[in-house]
Amino acid sequence: MISAESLETRVALVVGGKLEDFKVEHPSQQRIVGSIYKGVVQNLEDGLQAAFVDIGLRKNAFIHYWDMFPEDLARLEAVEGGGGHARPAPRKRQYTRDEISQHFAVGSEIIVQVSKGPIGTKGPRVTASLSIPSRFFVLMPAPSCAASRARSRTRPSASA
């Protein structure tokens, strides 16, 4: 069932006479959290340990140096550099401008996902560790995955 009006759009999914899902969307709100962009590194700020990435919005996106490397890449580097041990590298380690420049020079492209929307004069915060959720499955950057068992569970009856 869909109800579209000028101020909001409501969508309800009804299966077997029961409400399964309900969403409300307001056209005046631009929601970018969760969106994935191919951006261009604009500048590196050592004092902030962060970079600014042009993703096509009015303000450049902000990304911490340690968040520029997807979790899988950090694990791979830890395994290759650590003699095959699968111990993950620490996520919030300090990077130098030279280390970042080797992987992400100004003008290079990076795939990012918005983790926090813009506030006031600040642009959005982004991450290179992508997470793509769906109704029953979530693709996450770590080697694990999450799946819902909602379909396999039976709901208790009213008489129980």
Side-chain angles (χ1 to χ4, degrees), residues 2 4 6-11 13 21-151:
I2 299 173
S6 61
L7 296 177
E8 69 181 14
T9 301
R10 295 178 294 272
V11 179
L13 176 62
D21 197 8
F22 182 74
K23 305 245 189 241
V24 178
E25 188 174 282
H26 300 277
S28 62
Q29 296 175 340
Q30 180 187 16
R31 284 182 267 166
I32 62 168
V33 175
S35 297
I36 298 172
Y37 295 90
K38 180 168 86 169
V40 178
V41 176
Q42 292 298 306
N43 57 329
L44 304 172
E45 296 291 335
D46 284 336
L48 296 173
Q49 283 282 297
F52 290 91
V53 180
D54 180 7
I55 58 173
L57 301 176
R58 279 186 277 159
K59 290 285 189 173
N60 286 341
F62 173 87
I63 185 169
H64 289 286
Y65 282 173
W66 56 264
D67 213 8
M68 293 177 81
F69 299 95
E71 290 180 20
D72 285 344
L73 178 61
R75 263 191 198 83
L76 178 64
E77 288 174 349
V79 169
E80 289 177 350
H85 300 284
R87 188 170 161 226
R91 286 281 290 144
K92 294 187 180 185
R93 80 170 259 237
Q94 298 287 313
Y95 289 94
T96 66
R97 184 182 189 96
D98 293 336
E99 288 176 308
I100 292 296
S101 293
Q102 287 176 0
H103 294 282
F104 301 102
V106 172
S108 64
E109 295 178 340
I110 181 172
I111 303 293
V112 294
Q113 183 172 31
V114 178
S115 58
K116 187 175 180 183
I119 298 175
T121 61
K122 297 181 178 182
R125 181 165 172 202
V126 295
T127 178
S129 296
L130 308 180
S131 174
I132 304 173
S134 70
R135 188 164 180 193
F136 297 106
F137 185 76
V138 178
L139 175 64
M140 298 166 37
S144 62
C145 67
S148 171
R149 288 186 281 211
R151 285 281 189 210

Compile the donor-acceptor pairs under 3.5 Å between side chains in residues 104-113 and protein atoms, sequence neighbours left out, one pair per line.
residue	atom	partner	partner atom	Å
S108	OG	A105	N	3.3
S108	OG	A105	O	2.6
Q113	OE1	S131	N	2.8
Q113	NE2	G34	O	2.9
Q113	NE2	S131	O	2.8

So NZ of K23 and OG1 of T9: to nearest 0.5 Å the spacing works out to 14.0 Å
Check side-chain contact (heavy atoms from CB on, under 4.5 Å) between V33 and all other residues, then give those that pass, not counting sequence neighbours.
V114
Would you list the pairs meeting salt bridge (charged side-chain N to carboxylate O under 4.0 Å, His left out) in which at least one residue belongs to residues 121-131, sequence neighbours left out?
none
With side chains defined as the heavy atoms from C-beta onward, is the minimum distance between I32 and P124 less than 4.5 Å?
yes
Indicate the atoms forming the closest heavy-atom contact of G123 with K59, along with that distance.
CA-CB, 3.6 Å
Stepwise, does the side-chain contact (heavy atoms from CB on, under 4.5 Å) test hold for F52 with V126?
CA-CA 10 Å; F52 290 91; V126 295; over 6 Å; no
Test side-chain contact (heavy atoms from CB on, under 4.5 Å) applied to I119 - qualifying residues, sequence neighbours left out:
K116
Measuring from atom CD of Q49 to atom CG of D67, what distance do you get when rounded to the nearest 0.5 angstrom?
12.5 Å
All N/O donor-acceptor pairs, side-chain side in residues 38-47, below 3.5 Å, sequence neighbours left out:
residue	atom	partner	partner atom	Å
N43	ND2	E45	OE2	3.1
D46	OD1	Y65	OH	2.9

Go through the structure and list residues passing salt bridge (charged side-chain N to carboxylate O under 4.0 Å, His left out) with D98, not counting sequence neighbours.
none
Tell me whether the rings of H64 and F62 are parallel (<30°), tilted (30 to 60°) or perpendicular (>60°).
perpendicular
